[in-house]
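Below you'll find the structure, written out as structure tokens, and then a few comments.
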Amino acid sequence: MIRPLRAGAAAAMAALALGLVAAPAGAESYQRISGEGSSWSAGAIEAMRVNVKQFGITVDYNPSGSTAGRKNFLNGTVDFAASDIPFQFKPEDGSAPENPQPGSYAYMPITAGGTSFMYNLKINGQRVTNLRLSGLNVAKIFTGTITSWDDPAIAADNPGLALPKRKVVPVVRSDGSGSSAQFTRWMIAQHPSVWNEYCQRSGRAPKCGDTSFYPTVPGMIGQSGDLGVAGYVAQSFAEGAIGYVNYSYSLGARFPVAKVLNKAGYYTEPTPDNVAVSLLQAKINEDQSSSEYLTQRLDGVYNDTDKRSYQLSSYSYLILPTKVQGQFNEQKGKTMGAFSYYAMCQAQEQSASLGYSPMPINLVKASFDQIRKIPGVVAQNIDVSSCKNPTFSTDGTNTLAKNAPMPQECDKQGPAQCATGTGGVKGQTTATKAAGGAASAGSGGPGTGRAGAAQTANTGSGPSAATGTGAAGGAAACDPESGTCEAAAALTTDGAAGASSASSGDAVLPPAALVGASGWSDDQWLIVLVAGFFLGLLVAPGVVWRQLSKRVPR
Amino acid sequence: MSVRPSARWTAVVALVAVAGIAVVLPRLASAGVEPGSAGVDTSLPLTDSKVVVSGRDRFSSLRITVNQTRNLVNQALSVTWTGGTPTTDYGGGTGTIGEHFLQMFQCWGDDDGTHPDNPGPPPEQCQQGATNGVFGGSATGQRFQGNTLTRVVSQKGSPGYDPSLGAEDEFGGVSRAFRAVDGTVVPQWRDTSFNPQASGGSYWLNPFFNIVTTNEIPGAVTSARGTGAELFEATTGLESTGLGCGQRVQPVAGGGTRIPRCWLVVVPRGDHTAENEGANVSPLFGVATSPLSPRAWANRIAVPLEFNPVETSCPLSAQQRRIVGSELLAAAVASWQPALCAKPGLSPYAYGSISDSRARAQLVSGTPGAPGMAVVSRPLDGATVDPREPVVYAPLTVSGTVIGFNLERLPRVIFPAGQQPSAEVLAQERALSGIRVAQLNLTPRLVAKLLTQSYRTQVEIAASNPGYAWASANPQQVGVDEDFLRFNPELRLLRTDSKNMGGFVAPSPGSDAAKALWEWVLADPEARQWLAGAPDPWGMRVNPYFTTSAAQNPQGAAFGDPVPDTYPKSDPYCYQGPPVGSLKVVPPPLCGLDWLPYAGSLRDAARAARAATDGARTEVNQSAASSDQVYKRDQPQALGQRAILAVTDTPSAAQYGLQTARLSRAGDDGEERRFIAADEAGLAAGARSLVERGVPGFLEPDPAHAPEGAYPLTAITYAAVQPTRLDDPGRVEYAAFVDYAAGEGQVRGFDYGKLPAGYEPLAAPLRAQAVGAAQRIRTLKAAEEVVDAAPPGPGSPAPRRGDAGPRGARGGLAADQAQPSAAPGPSIATPQPAPSETPVNTVLAGVTPAYRLAASRFALPFLVVITVLAALGALEVTKRPRRRIIEPADRDAERVAP
């Protein structure tokens with residue numbers, strides 16, 4: 001009799017020790033699923049994947065490019081795909097058509113963002129962070145007709161910069177890429193003659209439609225994945241290089257992106273706010289019977305006249321399985337559904353931190369309906385307002401877009417040019433000619449004032465005012481999302497071993513003092529341990545009894 | 001024959017192993033080149049639930065040891081063996097595995113009674129056959145023949161044709177079905193008639209596992225001395241749903257469910273005549289049949305695996321508490337999340353891995369929706385912080401940046417003049433071929449060489465020599481660099497001629513950890529001189545694009561100023577290949593980045609090293625129709641010939657079973673250097689070596705003054721919070737996270753909620769600091785802030801150092817550090833005994849075999865339980881009022897969540 005009792009007690013204690021008591025008894029079980037595709041949206045998907053693990057949901061994702069994702073979804077070797085563009089039933093670039101079975105898939109927009117033009121350019125050794133480009137110049141750069149940074153056409157965009165005579169090195173995707181498809185589609189829509197001429201020249205004609213495989217000519221660099229493109233542009237030898245990547249990668253690389261001229265006459269970059277504004281003009285296919293339901297038509301975005309709009313804003317999609325076949329079954333559908341709900345609701349709160357833009361409410365709602373098409377899904381009736389999505393509002397408008405700040409007046413096409421940085425170096429200003437280059441391009445120490453103040457000073461008045469105060473031309477790492485800056489003492493500290501990093505000493509603000517954390521020695525710990533032990537002896541029996549009595553009836 | 005690990009077998013193994021060390025590996029007094037001295041044992045430590053089991057019949061000399069078989073979660077197991085027949089047909093350059101290897105996979109189910117002396121599951125219930133599950137061929141670099149990787153167990157037209165074994169496809173292949181734990185039967189594992197041009201259908205038909213999710217080891221190699229070692233990933237039902245290990249999912253007759261029995265099954269494969277009998281295979285082939293075919297299955301060896309119950313998942317909730325920051329914390333957070341989200345009153349935490357600098361910027365951005373906690377290993381610049389909103393720092397974890405490697409012994413054939421070893425040494429080395437090297441020693445200068453594209457393999461892309469004069473005296477890769485060989489003499493016997501031994505697979509994103517690595521390099525006089533342009537004693541020079549001499553750097557600026565926080569590839573050389581194929585397609589240029597691409601993260605870098613594939617696309621596709629099709633993704637390195645280095649972190653290296661290099665301190669430039677491993681002692685000493693560099697209570701590396709025994713790239717991650725920006729629930733939940741991290745989160749273990757392998761628990765003062773910080777996060781409200789924001793005076797109570805006196809007291813620290821390193825330093829002149837002795841000693845010391853446990857064994861767990869109970873009790877007593885405060889919000893959350 002004694003033995004089983006003891007064993008029972010031991011088991012109960014073991015359970016307590018393992019913390020299993022708190023675990024809900026009937027936790028859901030989910031079959032593991034795997035997906036593949038877009039590298040453009042990989043940063044957002046990776047964060048979702050990692051964070052659903054705590055709910056017992058195991059998801060694998062391989063960011064091998066949209067084309068590979070769609071291909072392996074069709075082969076049935078992955079359960080879902082992520083793609084920046086829909087299936088290519090009639091590809092216009094000569095590649096093999098993709099033939100998904102009708103009713104076997106559904107599109108779900110999962111994140112939004114901007115295809116940005118990350119570049120590596122210096123004037124007299126100082127990094128340029130405020131480059132502006134018209135759409136036409138972007139097209140000409142990526143078709144090899146603008147070949148030097150001192151091209152008058154670029155100078156016209158950048159009255160404040162004396163750009164060097166340096167070769168332009170366009171860096172494009174070498175793998176099958178949704179970014180390439182989006183970019184070429186934009187070029188075809190906006191600058192058809194430039195594209196068509198290039199298509200001839202690059203030997204791709206007559207298949208001159210939009211393409212996932214960017215045609216290249218000598219002088220261009222091809223790289224695999226956003227990671228490859230951003231990695232290339234960021235190298236010190238790559239001065240003169242410019243590549244197209246999702247905005248989040250320029251943030252990761254801490255490099256600037258070109259502000260692109262919009263139809264309102266302002267040069268903008270794809271901040272999460274600006275992307276949200278831009279995509280108000282995306283035309284979503286709302287024909288539920290269409291094989292392309294919920295896919296985007298972006299001409300409205302290209303031609304948007306909002307001052308904040310960024311032309312190359314777009315959505316990226318999950319391709320959900322909607323039919324049990326091959327390796328996909330209803331148990332996996334349950335996982336796919338739970339993951340999709342998480343992606344559309346909770347995960348959207350995180351988007352801006354990662355450099356993406358959250359989905360607007362209409363697409364979240366439409367996606368909830370798409371999720372219901374997954375076989376085996378445990379359909380949920382989510383109160384959309386419970387999702388902490390920064391775009392949501394009580395009145396149906398897009399809060400993020402509504403509150404998106406207007407561009408500075410110096411971002412307007414014209415003689416003034418903002419000195420403020422972009423992308424991953426938002427607080428790093430660039431000397432502009434109007435401000436008297438030498439004076440404001442000082443290589444002085446890191447900013448000592450609050451960078452936020454410098455930012456404020458930058459806005460409003462012209463370029464000279466922008467660089468006059470605060471940041472003093474010092475390098476500063478800034479929050480790309482918000483525009484607040486961190487003076488980059490770390491960046492400019494010299495490499496002397498052991499040197500204190502607080503070279504900006506006068507401005508160091510010690511954090512709040514930590515109370516009760518000092519003066520502890522091993523002795524004190526021993527005392528605590530012994531005390532804990534005896535407390536344990538006192539409290540344990542009661543707790544065990546409580547827990548046992550809670551558990552036994554079940 | 002029994003699975004039960006009898007004392008007899010442990011003794012045998014011990015003897016064999018001892019014999020191996022005593023006889024096979026005698027110390028060579030003179031040469032300094034000792035096969036095996038860099039370690040041949042890369043397996044995990046034995047536990048009290050280890051099992052030793054032997055083979056049957058023609059495999060009866062085979063003894064397999066599994067290091068742990070009980071209380072399993074999703075973790076790595078070490079499978080080692082002796083008495084095998086050496087694998088043939090590999091190592092000859094092709095990497096194709098021919099004969100004599102082991103196949104391993106996980107299975108579920110009750111004993112099917114076929115081998116009373118070795119109970120085990122039926123073959124239908126094994127997770128096997130997925131490694132060539134990609135349409136169009138294998139993508140794993142595993143080179144096997146015929147049906148070796150499949151579930152096709154019989155072929156129509158062959159003498160042994162037996163259609164009753166399973167489902168027959170249209171080509172006459174009979175597939176062994178897969179029976180999942182829930183009773184689902186998948187008769188065919190892939191669709192042989194799949195046509196991607198036609199609409200619909202799928203190639204892979206098994207919903208329960210595929211090439212991504214399987215944990216099978218398709219072929220494990222036995223060395224020339226009959227031994228082998230593999231890491232096997234034990235999976236629970238969360239990872240391998242078809243097996244359901246640890247989950248109450250197996251239906252039982254009469255209703256209800258139970259936790260299934262689970263097994264590791266090893267199928268030893270012999271020579272082709274025995275294995276292929278009845279299969280109609282050309283005698284030119286090696287083994288070409290499935291391990292599930294009756295002939296092979298007859299030899300299967302089963303080892304029972306007992307899993308802890310898997311009950312940790314929490315319901316999805318609409319609420320979440322966001323944290324962003326360093327990837328160094330990612331593995332710990334992944335372990336803590338399921339335990340934290342099960343705690344009442346807390347929202348689940350969501351973690352976003354972003355670079356430290358972005359995390360710092362986001363914390364202070366003040367934008368709506370900005371995360372309230374950033375995780376960094378350098379503090380915020382005071383200039384960016386609003387004095388009215390002070391930052392509270394709480395230490396969370398200790399881990400380290402490491403050079404991970406996956407290096408399999410491939411004996412050298414040709415030696416430089418005068419370096420030809422004796423025939424005896426060569427024979428000893430050949431006997432070790434295919435075994436992983438356990439230890440490498442690296443100095444700051446060697447790491448600098450590997451980071452700077454200075455070895456010729458890094459700039460001679462596709463064997464085209466850019467004709468760099470500076471590189472003419474440079475070695476091809478580190479394995480032939482005298483500077484390396486003097487600290488790793490045994491590597492003289494090995495071939496390491498891979499481009500992956502001339503540079504690292506390194507993560508692309510910037511990080512404080514990368515900056516710390518560069519600071520360590522730049523703090524070392526030897527490395528600094530070399531980077532400044534001076535050749536090393538053997539004439540090797542730095543790639544000028546990385547020189548710290550602005551005059552010599554073609555970019556006109558000194559490298560290293562400012563100290564980079566990334567791993568740049570600054571050499572612009574690109575190789576232009578000749579036109580390809582009949583269409584004369586001009587290939588795109590191949591540049592340094594194409595040659596050795598970045599990994600997306602520290603974890604990806606570790607994964608790349610483990611799989612021995614860096615993701616480069618350099619293989620020429622002769623049938624390319626356009627330039628974008630010219631270069632194909634490279635095959636992974638061949639089994640038994642892997643040689644790859646990566647920059648990763650200790651948890652990732654542990655997760656992927658990478659070995660990690662020992663490093664010398666900056667400034668330790670003598671002949672007798674001391675190399676420090678990123679192990680428990682090294683990381684603990686490393687954490688103690690960190691110092692305040694301007695922000696009180698925030699410890700950062702000081703590589704120029706690191707004490708002996710401290711692993712140089714140790715890093716502490718800190719949570720940074722501005723409590724005054726947060727609302728009450730935010731303060732409570734971030735404080736709870738810190739409390740958890742400082743408490744239960746510091747207890748080592750594989751279970752959810754524990755501190756995963758690769759982390760060193762925080763020392764008591766740091767934990768106390770974290771608890772204090774948590775209290776501060778909880779209580780620091782706007783009203784107090786003005787007072788608190790004042791810079792602490794000289795008498796500030798903030799802790800200054802892990803355990804020693806103030807920053808300046810280096811003497812005191814050195815004394816302190818002497819303790820863990822009291823043993824004579826493992827300098828290169830007196831190499832430590834090979835670690836393979838450790839498990840042997842354990843066995844000889846008579847660890848009680850599994851299943852028989854002394855009562856005294858409960859003492860420690862009992863104490864632990866008492867302590868935990870005390871903590872629980874305290875919680876129970878103290879948290880009542882607090883819980884009442886936050887419960888309403890929590891209830892709302894539950895109502896909202898559907």
Side-chain angles (χ1 to χ4, degrees), chain A residues 13 17 22-23 27 31-32 34 47 51 54-56 58 60 75-77 99 101 213 222 231-232 236-237 252 326-327 329 346 353 380-381 386 390 477 479 482 484 486-487 489 491-492 495 497-498 500 502 507-518 520 525 532 535-536 539-540 543, chain B residues 135 199-200 202-204 207 212-213 241 311 313 316 318 320 324 337-338 341-342 350 352 357 361 365 367 369 381-385 390-392 508-509 522-523 560 562-563 570 572 588 598 628 693-694 697 702 704 764 768-769 772 788 791-792 797-799 865-866 868-870 873 896 898:
Chain A
M13 284 181 181
Q31 191 158 340
R32 181 173 179 171
S34 43
N51 284 307
Q54 63 186 308
F55 309 114
T58 308
D60 305 284
N75 287 348
T77 49
N99 291 314
Q101 200 178 358
F213 294 92
Y232 187 93
S236 51
F237 63 75
Q327 66 164 317
N329 61 14
Q346 290 92 328
S353 275
Q380 303 184 11
N381 292 307
S386 74
D479 175 30
S482 67
T484 39
E486 170 189 5
L491 291 174
T492 50
S500 160
V508 168
L509 178 84
L514 294 156
V515 184
S518 67
W520 280 74
W525 278 107
L535 187 64
V539 177
V543 173
Chain B
F135 181 74
S199 174
S202 306
Y203 176 68
W204 186 254
V212 181
T213 62
T241 326
E311 297 177 23
S313 54
L316 277 157
Q320 61 183 359
V324 296
Q337 275 173 329
C341 69
S357 56
S365 69
T367 48
D381 186 302
T384 64
V385 181
V391 179
V392 174
S508 161
L522 291 166
V563 178
S570 300
Y598 284 120
D628 55 75
R693 281 170 66 173
D702 181 10
Q769 181 189 350
D788 289 317
V865 165
I866 287 289
V868 170
L869 286 180
V896 168

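Every chain is numbered from 1 and lettered A, B, ... according to where its sequence line falls, protein lines coming before strand lines. This is a predicted model, so every value here is computed, not measured.
- Counting heavy-atom pairs under 4.5 Å between each of Gln101(A), Gln31(A), Gln327(A) and chain B puts Gln327(A) at the top.
- In terms of the side-chain contact (heavy atoms from CB on, under 4.5 Å) criterion, residue partners of Thr58(A) (sequence neighbours excluded) are, by chain and number, Arg32(A), Lys53(A), Leu238(B).
- The two residues Ala350(B) and Asn51(A) have their closest heavy-atom pair at CA-OD1, 3.3 Å.
- Using a 4.5 Å cut-off between heavy atoms, Asn75(A) contacts chain B through both its backbone and its side chain.
- Proximity to chain A (any heavy atom under 4.5 Å) is restricted, for Val324(B), to the side chain, taken from C-beta onward.
- Scanning all heavy atoms of the two residues, the minimum distance from Gln346(A) to Gln320(B) falls at O-NE2, 2.7 Å.
- Contact detail for Ser570(B) and Ser236(A): the closest heavy-atom pair is OG-OG, 3.1 Å.
- Under the ring-ring contact (aromatic ring centres under 6.0 Å, His included) criterion, Tyr232(A) pairs with Phe237(A), not counting sequence neighbours.
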